[in-house]
2 protein chains.
Amino acid sequence: MSRTAGSSGKKTLAAIREAGLDLVHEHGFEAMSLRQLAARVGLQPGSLYNHIETKQDLLFDLIHNHMVTLLASIDAELEGIDDPLERLKAFIAFHLTYHIERKREVFIGSSELRSLEPKNHRKIVALRKSYEERLYEILEQGCAQRLFKIEDIRVSTYAILAMLTGICTWYDAKGRVDRKTLIDIHTRLVLQGVLK
Amino acid sequence: MSRTAGSSGKKTLAAIREAGLDLVHEHGFEAMSLRQLAARVGLQPGSLYNHIETKQDLLFDLIHNHMVTLLASIDAELEGIDDPLERLKAFIAFHLTYHIERKREVFIGSSELRSLEPKNHRKIVALRKSYEERLYEILEQGCAQRLFKIEDIRVSTYAILAMLTGICTWYDAKGRVDRKTLIDIHTRLVLQGVLK
DNA sequence: TTTATAAAAACGATCATACGTTCGTATTTA
DNA sequence: TAAATACGAACGTATGATCGTTTTTATAAA
């Protein structure tokens, strides 16, 4: 056989990414096989190589894509907000909303960094650092304006991020707590910890 | 060849567990091979089966062992403390201290639950639930005695656990912040969030 | 509008290597 | 003398990646 009628590179790549997210999430990157991936997409194993360079490249693509989108989104969200307190509230609401809908990406982006080649690993860590700085700067600015009182801004940054991200591992959208309530509770928790 | 001089079941099993923690942490459970494991311990692959039932059994053993020890330790730690505020402080200090020294176990205990057979999965989730209840009950008791003021005890339980556990993924024992400072900062953060 | 042609996207076979587990056997320890 | 511990060979199956080939699609000239 050969090229299938109606086949399109864009659609196939999107399907590969989607199935890739699922499989890495389910089995871990090293344990996921390209044969499984091809089967889910409806291809022969060799055909994947019309769309990806290597298996490693696919992993990097998945994580990189997530991080770049995350950064662009938070910047768009904070744009035009000057008051540190308002920026902090916006950050919390955004972070929860965004991460709750991307459990697979969050999981992969933390548990599979180990499987990235050094060069790729460095790039992702740099992007993550960049995201952390968004929160760090908000806290710093709030302290400078004497709105916040924070013992250790660096540690608080990590503590807040850990709390907000970790919640996504158990949050059940169909559960007792709706999204708005979740955001309200966490906003209050964080503010109580940083407000003067 | 055959049985090696000086070989002992207890020591070999301990070595298998230790190397197992390393390998699952480095590669993920499915991707870790029993051949790698045997090589690290200094055995032939088949010899592992004098000490473990199956690969799945090894994973369950690693996680189960961690959870059981965790539960016994927190109970020992809280024993004899009645005041909810003191219990909460003890919980925070214990949780941080214990988890910082067991990064591999924490990582595996959350990222590799997916690889447990349903029966084993249920057992581990029950143990984890049991640990979560220790904190939940402290918060509940504190609210009942009107020491704490908490909007949603369940959500706060998860938020606090997420914060305290998440911190272990980046904390560097050789870094700027020493352990006592870390505990102080987090104690203050949590207390500000729950105290009336 | 038709036709020529290059690029894109799929197939199926193939490579050497690695997988978890079982088994019969040999040696050491209790 | 029996149990514990290790070896080494073997089982069928799966691995990531490459390759030559074939068909479809897109582009642009006629």
Side-chain angles (χ1 to χ4, degrees), chain A residues 1-24 26-63 108 112 114-117 119-120, chain B residues 1-24 26-63 108 112 114-117 119-120:
Chain A
M1 266 214 270
S2 58
R3 183 168 183 175
T4 303
S7 67
S8 139
K10 291 217 170 198
K11 279 199 290 183
T12 305
L13 179 57
I16 290 174
R17 281 178 164 149
E18 188 60 26
L21 283 173
D22 278 341
L23 282 170
V24 177
E26 288 167 26
H27 301 284
F29 172 71
E30 279 192 68
M32 169 212 78
S33 85
L34 294 184
R35 282 171 169 78
Q36 289 176 299
L37 179 59
R40 287 212 187 176
V41 178
L43 291 179
Q44 293 300 313
S47 304
L48 290 173
Y49 286 84
N50 287 317
H51 307 275
I52 65 171
E53 290 292 321
T54 59
K55 196 189 179 195
Q56 166 73 206
D57 243 54
L58 172 62
L59 177 63
F60 177 71
D61 176 63
L62 292 178
I63 302 180
I108 295 169
E112 292 297 352
R114 65 183 171 200
S115 296
L116 289 172
E117 288 170 358
K119 203 173 112 184
N120 289 337
Chain B
M1 266 214 273
S2 57
R3 181 166 183 174
T4 304
S7 67
S8 139
K10 289 217 171 203
K11 278 199 291 183
T12 305
L13 179 57
I16 289 174
R17 281 178 165 150
E18 188 60 26
L21 283 173
D22 278 341
L23 281 170
V24 176
E26 288 167 26
H27 300 284
F29 171 71
E30 277 191 69
M32 169 213 78
S33 84
L34 294 184
R35 282 171 170 79
Q36 289 176 300
L37 179 59
R40 287 212 187 176
V41 178
L43 291 178
Q44 293 299 314
S47 305
L48 291 172
Y49 285 83
N50 287 316
H51 307 276
I52 64 171
E53 290 291 322
T54 60
K55 197 189 178 194
Q56 166 73 205
D57 242 55
L58 171 63
L59 177 64
F60 177 71
D61 176 62
L62 292 178
I63 301 180
I108 295 169
E112 292 297 350
R114 64 181 171 202
S115 296
L116 289 171
E117 288 170 357
K119 203 173 113 185
N120 289 336

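In what follows, chains carry the letters A, B, and so on, assigned in the order in which the sequence lines appear, proteins first and then strands, with residues in each chain numbered from 1. Just so it is clear, the values below take in all heavy atoms, side chains as well, and ignore hydrogens, waters and symmetry mates.
Residue Lys11(B) contributes atom NZ, which lies 14 Å from atom C1' of dT28(C) at whole-angstrom precision. For the pair His27(A) NE2 and dT15(D) C1', the computed distance is 15 Å after rounding to whole Å. When rounded to the nearest whole Å, the span between CG of Leu37(A) and C1' of dA17(D) equals 14 Å. The CG atom of Leu58(A) sits 13 Å away from the C1' atom of dG16(D) (whole-angstrom rounding). If you take CD1 of Ile52(B) and C1' of dT21(C), they are 10 Å apart, rounded to a whole angstrom. Between the OH atom of Tyr49(B) and the C1' atom of dT21(C) there is a distance of 5 Å, given to the nearest Å.
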Under-3.5 Å N/O pairs linking protein and nucleotides 16-19 of chain C:
| from | atom 1 | to | atom 2 | distance (Å) |
| --- | --- | --- | --- | --- |
| dC19(C) | OP1 | Ser33(B) | OG | 2.7 |

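Sequence neighbours left out, not one pair with a member in residues 45-58 of chain B passes salt bridge (charged side-chain N to carboxylate O under 4.0 Å, His left out).
There is a side-chain donor-acceptor pair under 3.5 Å between Glu112(A) and Ser115(A).
Leu62(B) and Gly20(B) get closest at one heavy-atom pair: CD1-C, 4.0 Å. The shortest non-hydrogen separation linking Ala19(B) to Arg40(B) is CB-CB, 4.1 Å.
Between Thr12(A) and dA9(C) there is no side-chain N or O to OP1 or OP2 distance below 4.0 Å. Between His51(A) and dA8(C) there is no side-chain N or O to OP1 or OP2 distance below 4.0 Å.
How far CG of Leu116(B) is from CZ of Phe29(B): 8.0 Å, rounded to the nearest 0.5 Å.
Within residues 39-48 of chain A, the residues approached by DNA chain D to less than 4.0 Å at the level of any non-hydrogen atom are Gly46(A), in residue-number order.
No side-chain heavy atom of Leu21(B) sits less than 4.5 Å from a side-chain heavy atom of Arg17(B). Proximity of Leu34(B) to Tyr49(B): side-chain heavy atoms (C-beta onward) are separated by under 4.5 Å at one or more points.
Put simply, the residue from Thr54(B), Leu13(B), Ile16(B) that forms a side chain to side chain contact (heavy atoms under 4.5 Å, CB included) with Leu48(B) is Ile16(B). Here the rule is side chain to side chain contact (heavy atoms under 4.5 Å, CB included) with Ile63(A), and of Ile108(A), Leu58(A), Val24(A), Asn120(A) only Ile108(A) fits it.
Judged by distance alone with a 3.5 Å cut-off, no donor-acceptor contact links the side chain of Asn50(A) to the base of dA8(C).
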